[in-house]
*Asks:* 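Right, I'll just put the structure down here and ask away after.
Order of the sequence lines sets the chain letters (A, B, ...), proteins ahead of strands, with each chain counted from 1. None of the values given here were measured: they were computed from a predicted structure. Reckoned from all heavy atoms, side chains included, excluding hydrogens, waters and symmetry mates.
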Amino acid sequence: MKVASVIVDVPAKQTDRAFDYLIPSQWLETIKPGMRVIVPFGPRKIQGFVTEIKAESEFKKLREIIEPMDLQPVLTYELLDLGNWLTENTLCFKIYAFQAMLPAALKAKYEKKVKLSAGVEPSHLPAQLQEAFKNEEAINWDDALNNGLVPILQREAAKGLLEVIYVVKERLKKKKLKYVIPLLSSRDLEAAQNGLPPKAEKQKEVLKYFVEHSDPVELRHLLSLLNISSSTVKALVEKGFLAEKDMEVYRDPYENRTFTRTEHLLLTEDQQRAMVPILDSIENKLHEVFLLYGVTGSGKTEIYLQTIQDVIEKGREAIVLVPEIALTPQMVNRFKGRFGNLVAVLHSGLSAGEKYDEWRKIQRKEVKVVVGARSAIFAPFENLGIIIIDEEHETSYKQEEMPRYHARDVAVERAQKNNCPVVLGSATPSLESFARAQKGVYKLLSLPNRMNKRALPAVEIIDMREELRAGNRSMFSRKLFELLKERIERKEQSVLFLNKRGHSSFVMCRDCGYVMNCPNCDISLTYHKVKEQMKCHYCGFESHVPSQCPECSSDYIRYFGTGTQKVEDELGKILPEAKVIRMDVDTTGQKGAHERLLKEFHEGKADILLGTQMIAKGLDFPNITLVGVLSADTMLHLPDFRSSEKTFQLLTQVSGRAGRHELPGEVIIQTYTPEHYSVELAGTQDFDRFYHREMMMRKAHHYPPFYYLALITISHEELITVVSATEKIAAFVRSRLSNQAVVLGPAASPIPRINNRYRYHCLIKYKREPELNKTLKAILDQYQADPKSGLLVSIDVNPFILM
DNA sequence: AGCACGCCGACT
DNA sequence: GTCGGCGTGCTC
C-alpha cells in the first residue's frame, strides 16, 4: 500500500481527477485518506487531498509525495464520499468540493521563489543581483517581476547558479502562548526553594507558586500575578526547575463573555407532541426528515435544544444551521447557555483564525454541537445524531459559487449516511419543503400556537396610493406616523423595516428620465452617500454624481430610492424627539457593531430600530410593540419566480418581531399593491392559503416544487457568439431530454451584461430526466475544455437566483 | 491554473 | 541568423 491517489489543487477540467503518487517509506504509516499533502506537479509543488491508498497504480512513472501537511486527516471518510456526491450533484470540480468542506485557513498559499544553488555565493552573481541576495537566501518571484529582475534571474538560472523553488505555505498559524511548567515535584521544588541564595526572593516566590500549583501557567499571567520580570523565570529555567513551553490555545471569539446557564424549559403540549417523533427517530437511529412548522414565537428553539440534549446523552453529535448567525447573537446565547463549552460556533463574523480554531474543536471531538451558517453542514463529526436547519426557507442556505450546493440537500445526504433525523424549522416553510411534507416525504410537525398563548400581532395594510391621493407625499403613512408617536410617548419600542433590495438608490433625471447605467454592465449604478459616488455592484465601476443630466443637460437630476439614511433623515424631521438606531451595511460594517447596536436597542437606548433585511430575524425584545414595513412590494417585482414567496416570508417574519412578550403588538405594512396575495395573506398571517395560491401559480408556470430547474448561463464578449452558442446548447439539451422537459432559451439574462460580457440563459424545467446529468456534464466537458473560445459556461442545478 | 515546448515575425 | 510573441498540451 504505497501509492496514494491525490486530488490536486488545480481547478481545471483537465486536472479534475486523481493523480497517483508514491508514498515515501517514512510516511507509509502516516499518510491516510483525507490528509492534505504537498506533491510535485509538473515543475511546481502544490497541495492535494489524498482520497485513496492503494498497492499499485496504472501509471508507471510515479513521483513521490513531498510531505504530509496534516498529522490527522482533515476529511473523514464520510466527507470524502460527500465530496464525490457534491461533485456529481452540483457539477463542480472535486477540489472545490473538498475546499468547501474545510475552513479557509486550510487552503494552501503558494510562493514562487528564486534561491542560490548549493555552494553558490552572492559574489558569483552579476552586480545587479548581489544586493538582492546579500541578506536573503531566496527572493520572491513576484518582487523580482516588479523590479524587472526576471530576465537576469533566468539567465543565471540557466547557468545553474540559481534555481526556482516553489513553496507551499499554510495560510494560518496555530495560536501559541508561552506557558511555564514545573519540572520537579512539589516536594523537590520546596527543597529547591530552600537551596536558593537568600537574596533570590523573587525566584523563591515563583517556586512557592509552583509548590502550590503544579499545572502549567501562562507566562504573562504568572508575571503579572507575582509582579516579576521574565528574567526571574528564565533564571529558574536555566537552573532546571522550570521549563517554558509554547502551548497551543484557541482563539476564542466568546472569550470575554459569560453565558448564563439555562435549564430545560417546561414544554407546552404542542411542543411535547412535536418532539416525540424526533426523539423516536433519534432513539431508533432512523433517517427521517421533519418539517417543524411553527408560527413565530411558538418555541421551536426549545425543541432544538431538548432534542440535542437527548442526542448528546446518547453520545452523538448535532449540527444546527442558522441563516447568518452573526445576525442572531441571541441564538448563540441560547446554545452556549444550555450546552456551555460543548458548542462550537461557525459564522462569517469570525476571523479566519477563529473559524479555524472552532473547526478544530469539532475535529478533535472537544465539542458535541456546532451552531453555524451554511458551511457548518460540513462539520467533521463522525457520529451525527441530528441535523437541524432553522429558518429552513432562507435563501442563504444555497451557495451561489462553486460548489453550488443547498445546505438542506447536503443535510439530508449526511443524515442518511448517519442514520439520523433532519429537522427543518420555519414559520414560513419554503414551498418545496411544505409540498414534500404534504406528500409525506417529510414528516410534518406543527406548532400552531405561540408559546405564551400571545395572539399574533394585529396587522394592518396601508395602501400608499391612498396616502398619495390624500396629499401625503412622505414615506410614512398617517397611521404609521400616529402609532410611532404613540409608542414614543408610551416609552415602547418600534422597529421600522426597509426592504432595500431591488430598490437601491439610483440617479435619475426628472426631466428626461435618464438613469445612470454602468458602462460595463447593463444595470443601473447605485448611489453611495458616504463617498458621494455612483458605484456598480457587479463590476465595481465608480463614477462621480453628475450635477447635470448627461442627456438633456437638465439640472433636475437627483437620486431616487429610499435608503435607510434617507428614512433616518426624514424621521429626524417629522419625529425629532425620537432616538433612532440605524442598522444596515454601513453601520454594521465593523466587527461586533451589529451586536453592539442590538444591545443598545435592547437596553432601551433608542425608540426606533431602523434597518434592512438583517433585522427581520431573531429579534426578540419584550418592549417592541410596533413593527412598520415601509414598502412591502419592493421585492415583489423582481424577475424571480420566488418573489411572492420571499415577500410573504419576509413580511411574516418581520411581523413576528412584535408583541412576543407581555405587551401586545401591532404591525403596519405599507404597500402600493395591497391587492397582491402575498401582501394580503401576510397581513392575515395565513400561510396555508398563501401556500395554495402560490402552488397554483407554480403549477401553471412549471416552476418548483412541480418541476426541478437547471440553469445554464453562457457569457462572452461578443453578443452574436453568446447567442449562437446558447442556441447550440439549448438545441443539444432539447435533443437529449424527453418531451416532458421544458427547455427555455436562448434568452438574455435579467442582467444581460456584466463586466463587458454578454450573458444568455438556457433554463431547463423538468420532472424526471435520467439523462440530464450526463447531458450537462457533456456541455461542461466541451466548453470548459477549451477556454480559448472565450465562452464561459456555468451551470446551476436547482438555482435560487435566476440572474 | 501554471508552465514548457514549439513554431512564426522583427531585430542585433 | 536569434529573441521572443503566445497557441497547444501536459501535469501522476
*Asks:* So, do A:Phe19 and C:dC12 meet the stacking rule of ring centres under 5.5 Å and planes under 30°?
*Replies:* no
*Asks:* What integer distance in Å separates A:Lys2:NZ from C:dC12:C1'?
*Replies:* 14 Å
*Asks:* Provide, to the nearest angstrom, the distance between the NZ atom belonging to A:Lys54 and the P atom belonging to C:dC12.
*Replies:*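 A:Lys54 atom NZ is separated from C:dC12 atom P by 14 Å.
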*Asks:* Expressed in angstrom and rounded to an integer, what is the separation of A:Gln14 atom CD from C:dC12 atom P?
*Replies:*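 It is 14 Å, rounded to the nearest whole Å.
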*Asks:* Minimum heavy-atom separation for A:His761 and A:Pro750, please, with both atom names.
*Replies:* CE1-CD, 3.6 Å
*Asks:* Cation-pi between A:Arg63 and A:Tyr21: NZ/CZ under 6.0 Å from ring centre and within 45° of the ring axis?
*Replies:*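 Negative - A:Arg63 is either too far from the ring of A:Tyr21 or too far off its axis.
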*Asks:* In whole Å, I'd like the distance from the CD atom of A:Gln154 to the C1' atom of C:dG4.
*Replies:* 11 Å
*Asks:* Tell me, do A:Val322 and A:Val371 make a side-chain contact under 4.5 Å, heavy atoms counted?
*Replies:*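 Yes, side chains in contact.
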*Asks:* Name the nucleic acid region contacted by A:Phe59, choosing base, sugar-phosphate or nothing; use a 4.0 angstrom heavy-atom cut-off, strictly under.
*Replies:* base
*Asks:* Taking all non-hydrogen atoms of both residues into account, name the closest pair between A:Pro24 and A:Ile65 and its distance.
*Replies:* CG-O, 3.2 Å
*Asks:* Measure the spacing between CD1 of A:Ile95 and CE of A:Met402 and express it to the nearest 0.5 Å.
*Replies:* 12.5 Å
*Asks:* Going 5' to 3' on DNA chain B, which nucleotide is the first and which the last to come under 4.0 Å of a heavy atom in chain A?
*Replies:* B:dA1 to B:dC3
*Asks:* Rounded to whole angstroms, how far apart are NZ on A:Lys61 and P on C:dT11?
*Replies:* 8 Å
*Asks:* Quickly work out the A:Ile7 CD1 to C:dT11 C1' distance and round it to whole Å.
*Replies:* 14 Å
*Asks:* Whole angstroms only, please: what is the CZ-P distance between A:Phe49 and C:dC12?
*Replies:* 18 Å
*Asks:* Strictly by salt bridge (Lys or Arg N to Asp or Glu O under 4.0 Å), give each pair with a member in residues 5-20 of chain A just once, sequence neighbours left out.
*Replies:* A:Lys13-A:Asp781, A:Asp20-A:Lys54
*Asks:* Going by side-chain contact (heavy atoms from CB on, under 4.5 Å), A:Ile764 matches just one of A:Leu709, A:Thr775, A:Leu772. Which one?
*Replies:* A:Leu772
*Asks:* What is the distance, to the nearest angstrom, from the CG atom on A:Asp9 to the P atom on C:dT11?
*Replies:*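 Rounding to the nearest Å, CG of A:Asp9 and P of C:dT11 are 18 Å apart.
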*Asks:* Just checking A:Arg44: base, sugar-phosphate only, or nothing, at a heavy-atom cut-off of under 4.0 Å?
*Replies:* base
*Asks:* Under 4.0 angstrom, heavy atoms only, what part of the nucleic acid is A:Tyr166 near: base, sugar-phosphate, or nothing?
*Replies:*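 Sugar-phosphate contact only - A:Tyr166 comes under 4.0 Å of backbone atoms but never of a base.
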